[in-house]
2 protein chains.
Amino acid sequence: MKPKIQDVAKTAGVSPTTVSRVLNDRGYISKETKEKVYQAMKEINYIPNDLARSLYNKRTHLIGVIVPSASNPFYGDLVTHIERCCNDKGYKVLLCNSVHEAEKEKKYWEMLLRNQVDGVIVVTYNRGLIDLKQHLPAVAIDHYLSKQIQVVSSDNFQGGKLATEELIAQGCKHIAHINGAATIETPANDRRFAYQQVMINNGLTPIIYEVHDNQLEVIQQLFAEHPEVDGIFASDDILAIKSWQYAIKQGYRIPEDLKIIGYDGTELIRSIYPELATIIQPIAQIAEKSVELLDRQINEQEYAIAPAILPVSLCKGSVLD
Amino acid sequence: MKPKIQDVAKTAGVSPTTVSRVLNDRGYISKETKEKVYQAMKEINYIPNDLARSLYNKRTHLIGVIVPSASNPFYGDLVTHIERCCNDKGYKVLLCNSVHEAEKEKKYWEMLLRNQVDGVIVVTYNRGLIDLKQHLPAVAIDHYLSKQIQVVSSDNFQGGKLATEELIAQGCKHIAHINGAATIETPANDRRFAYQQVMINNGLTPIIYEVHDNQLEVIQQLFAEHPEVDGIFASDDILAIKSWQYAIKQGYRIPEDLKIIGYDGTELIRSIYPELATIIQPIAQIAEKSVELLDRQINEQEYAIAPAILPVSLCKGSVLD
DNA sequence: AAAATACTGTCAACCGATTGACATATGATT
DNA sequence: AATCATATGTCAATCGGTTGACAGTATTTT
C-alpha cells in the first residue's frame, strides 16, 4: 500500500495533524519536528496524494489545453510554450487534441470539467458549445468563442497588411491569397481583410482561394485559373511551401516570376526553409499572455475581458531580402 | 456551488445511492428512475467530480507523457498519436516537457506520482531517476531506462542498415554519419552500430560526427575535415536538411556530388521536403504499441517485459529515386 | 507572577463520490 | 401462501488529506 499521512506521522512519532501542518506550512512547528517529518517522508517514500488535497481545496492546478493537433508546427510550438508557462506557474497541462471535430471538442470540455480543471486554453473554433463552460476560466487563442471568453491573438490585420504591402513593394501586380475556410469567425480572418483592403487601396484586384481538405487541389486551381499570378500570400507556411513547390514544378522561377509569403514563422520552418518569407507570430508571447490571463481569471474575482493582441513581424527570408 | 450527487437526488426525487447506482450501472434500477435521474442531471447541469471518484476507486485514467518538447516534428507527431490512442482507451494525457533536463524530468515524475497517474510514457533518456517510479506502470519510447521498464522503439538497427546500404548502392564511397550524443544509452545508437557494421563489411571507413548543441558547427566541421564526403546519413531529418543546405552553399550538387538520407520521416517533413530521402519511423504504430502495452500493465497483474521493436522503411524521396 | 508566544496533540467535520449491509415494498412465480 | 426477482431507501464507512476548535505544556516576555 502507498504510505499515507498516518504512516508518516507514525514513523516520525508525531500526530497526523502535525504532518499536515508541516506539509502546508501552517501554524507553529519547530525546526526539529519539521526535519523529523521530512526525514520520515523520505524514509517511507511518502508522496502526497494530490487528488485528496485537490478535492478538499477545490483547486487542482490543472489546465486543459484543447488544440487541433500537436503535429502542425504552429500548434506544436504553442503547446510546448503553453506547457512551459503553465509549469512555471505551478500548473499541469491536460492535453486534448480536438482534430477539428466539434463532437470531440465537446467531449473534451466535459472531460475537463469532470476533472475539475482550474481553467482551459482553447485553440479551436467551435462556437456554440460554450454553454458547457459554466463560469470556468477560459482563454481562446486566435478564435472568438463568445463574448465572455477572453481572446489572445497576434495582430492578424497587421500581418496581412505587412505581407500584402511587401509583395506590392516587390513589384507584384497579381497577388493571390490562399486561406482556410472563411466561414469560421476567427481573428485570422483579419489577415484576409487586410489583404483585400491593401489590394484595393493599391488599385489591385484581390484573388482569394479557400482551402478545405485538399490543399494541393486548391493550389492547382489557383495556378490554372490565374497563371499570371506573381505574388502569393498564404495563410500558413505549409501552404506557402506547397505553393512554392507546385509553382517550381510549373516552371515559375522564384523570386523572379513569383514571390511567396507565408504565415506563422515557427522556428522549425524558419530553420529548414530559411528562403521562405513569412509573417512571424510571436508564439512564445501568445502562450505567455494566455497563461497569464488565465491565471488572473483563476485567482482574481474581478478581471476585464479585453482581447490581447500581440505584434507580428515580417521575415523576408533569403529570397525576398 | 456546483451541483453534487445530493442535488441530483433531490431534484429527481430519489436517494443519492440510487443516483450513484444509475451512474455506475450497478444493482437494480428501473428505466423510469434512470430517466428521471438523467433528466435531473441535465436540468441542474450536473457534472460528476472525477477527483472524488478517482480517490475512492484508486484509478485516475490519467497517463503522464514525458517528452523533451512538442516542437520537434517527431515528438509532436508522437504526442499527437499517443494522445489519440489514450483517448481511444479512455485515458487522459498529462503532458510534460522535460526539455532534456534531468532535474525537470525528476520533478515531473514526482508530480505525476502525486497526481496518481495510472501510468507513464517517457520519451527521454535520463537514467537513474527510476528509483522514483515505485512500481508505476511505465513504457519508454526509444530509450532504455532500466530493466524493469518496457521499451518500445522502431528497428533502429534496420534503419541504419537500410540507409547505409542505400547510400552504398547509390555508389557513395565516403559516407559520413551524424548523430546525437553517443554516451546516452538509447536504441538510437543501433543506427550508428548498423552504419559502422555495414561500412566495414563493405570495406569502407566510418566517419562519425556527434552533435551536442550547435548542429551547424558540427556540419561545418564535417565538410571541412572531409570535403570528399559523397554520402551522409543523418540521425534526424532536421540535421539532414541542414546538412543539405550547407552542402549546397558549399557548391555540392545533390544528388550528383552528395547524397543525403535523414531519419524519422514525419508526415510534415515528407510533405514539405519530398526530395529528402529518409528512414520512416512508424510513429503511429509506436504510439499505439506504447499505449497498448501500458494499458496492459495497468490492467493485468502479470505481464512480460520484452522490448517491442517496430519495422522502419526507406523513403527514397524524389532525389534518390 | 501574569500574560503572551511557541509547539504539539486530540477530535471531528469536510471535500464528493462509492459501496456493502440491511430494510422494505412491490409484482411475478411456483 | 410462500418464494423470488426487481426496485428503492437508509446508514455508515471509506478514499487521503485539510482545517478549525480546543487542550495542554514549555518557554519568553512584560
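Bear in mind that the values here come from a model prediction, so they are computed numbers and not experimental data.
Of the listed nucleotides (D/dG16, C/dA17, C/dG20), C/dA17 has the atom at the smallest distance from the side chain of B/Y46. Nearest nucleotide to the side chain of B/N57, out of C/dC7, C/dT19, D/dG16: C/dT19.
By the side-chain hydrogen bond (donor to acceptor under 3.5 Å, both in side chains) test, B/Q150 pairs with B/Q297, sequence neighbours left out. B/E267 meets the side-chain hydrogen bond (donor to acceptor under 3.5 Å, both in side chains) test with no other residue; sequence neighbours excluded. For B/R26, the salt bridge (Lys or Arg N to Asp or Glu O under 4.0 Å) test picks out no residue, with sequence neighbours left out. For the side-chain hydrogen bond (donor to acceptor under 3.5 Å, both in side chains) test, residues two or more places apart in sequence or in another chain that qualify with A/N156 are A/D142, A/R191. The side chain to side chain contact (heavy atoms under 4.5 Å, CB included) check on B/N49 picks up A/L55, A/Q116, B/L51, B/A52, with sequence neighbours excluded. Applying the side-chain hydrogen bond (donor to acceptor under 3.5 Å, both in side chains) criterion to B/S153, with sequence neighbours excluded, gives no partner residue.
When the P atom of D/dA26 is taken as reference, atom CD of A/E32 falls 16 Å away, rounded to whole Å. Following rounding to the nearest Å, B/R26 (CZ) and D/dT6 (C1') show an atom-to-atom distance of 15 Å. We find that CD of A/E35 is positioned 13 Å from P of C/dC7, with the value rounded to whole Å. Between B/K58 atom NZ and D/dC15 atom P there is a gap of 7 Å when expressed in whole angstrom units. In this structure, CG of A/N115 is placed 14 Å from C1' of C/dA17, rounded to the nearest angstrom. Between A/L51 atom CG and C/dA17 atom P the separation is 14 Å, expressed in whole Å. For the pair B/D50 CG and C/dG16 P, the computed distance is 14 Å after rounding to whole Å. Across the protein-nucleic acid pair, A/R114 atom CZ and C/dT18 atom P stand 9 Å apart, rounded to whole Å.
Screening residues 51-62 of chain B for side-chain hydrogen bond (donor to acceptor under 3.5 Å, both in side chains) gives B/N24-B/R53, B/R59-B/Y91, B/R59-B/D118, B/R59-B/N299, B/T60-B/D118 as the qualifying pairs, with residues at least two apart or on separate chains.
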Side-chain polar contacts of residues 5-16 of chain A - donor-acceptor pairs under 3.5 angstrom, sequence neighbours left out - could you list them?
{"from": "A/D7", "atom 1": "OD2", "to": "A/K4", "atom 2": "N", "distance (Å)": "2.7"}
{"from": "A/T11", "atom 1": "OG1", "to": "A/D7", "atom 2": "O", "distance (Å)": "3.3"}
{"from": "A/T11", "atom 1": "OG1", "to": "A/V8", "atom 2": "O", "distance (Å)": "3.2"}
{"from": "A/S15", "atom 1": "OG", "to": "A/T18", "atom 2": "N", "distance (Å)": "3.2"}
{"from": "A/S15", "atom 1": "OG", "to": "A/T18", "atom 2": "OG1", "distance (Å)": "3.0"}

Listing, residues 37-44 of chain B side-chain donor-acceptor contacts under 3.5 Å, not counting sequence neighbours, or none:
none

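Backbone-only contact: A/N24 has heavy atoms under 4.0 Å from sugar-phosphate atoms and none from a base. Within the 4.0 angstrom heavy-atom criterion, base atoms lie near A/S20.
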Dump the pairs, protein N or O against N or O of nucleotides 9-14 of chain D, anything under 3.5 Å, distances to one decimal.
{"from": "D/dG9", "atom 1": "OP1", "to": "B/S15", "atom 2": "N", "distance (Å)": "3.3"}
{"from": "D/dG9", "atom 1": "OP2", "to": "B/S15", "atom 2": "N", "distance (Å)": "2.9"}
{"from": "D/dG9", "atom 1": "OP2", "to": "B/S15", "atom 2": "OG", "distance (Å)": "3.1"}
{"from": "D/dG9", "atom 1": "OP2", "to": "B/T18", "atom 2": "OG1", "distance (Å)": "2.3"}
{"from": "D/dG9", "atom 1": "N7", "to": "B/R21", "atom 2": "NH2", "distance (Å)": "2.8"}
{"from": "D/dC11", "atom 1": "N4", "to": "B/T17", "atom 2": "OG1", "distance (Å)": "3.3"}

Give me, pair by pair, the N or O atoms of the protein and of nucleotides 4-6 of chain C that are less than 3.5 Å apart, along with how far apart they are.
{"from": "C/dA6", "atom 1": "OP2", "to": "A/Y28", "atom 2": "OH", "distance (Å)": "2.6"}

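Between the side chains of B/N97 and B/S69, not a single donor N or O lies within less than 3.5 Å of an accepting N or O.
Exactly one of B/T266, B/N72, B/V123, B/I121 qualifies for a side chain to side chain contact (heavy atoms under 4.5 Å, CB included) with B/L78. That residue is B/V123.
In this structure, A/A138 and A/W109 approach most closely via the heavy-atom pair CB-CH2, 4.2 Å.
Heavy-atom distances under 4.0 Å link DNA chain C to B/K4, B/I5 of residues 1-8 of chain B, given in residue order.
Remark: A/R53 is in phosphate contact with D/dT18, judged by side-chain N or O atoms under 4.0 Å from OP1 or OP2.
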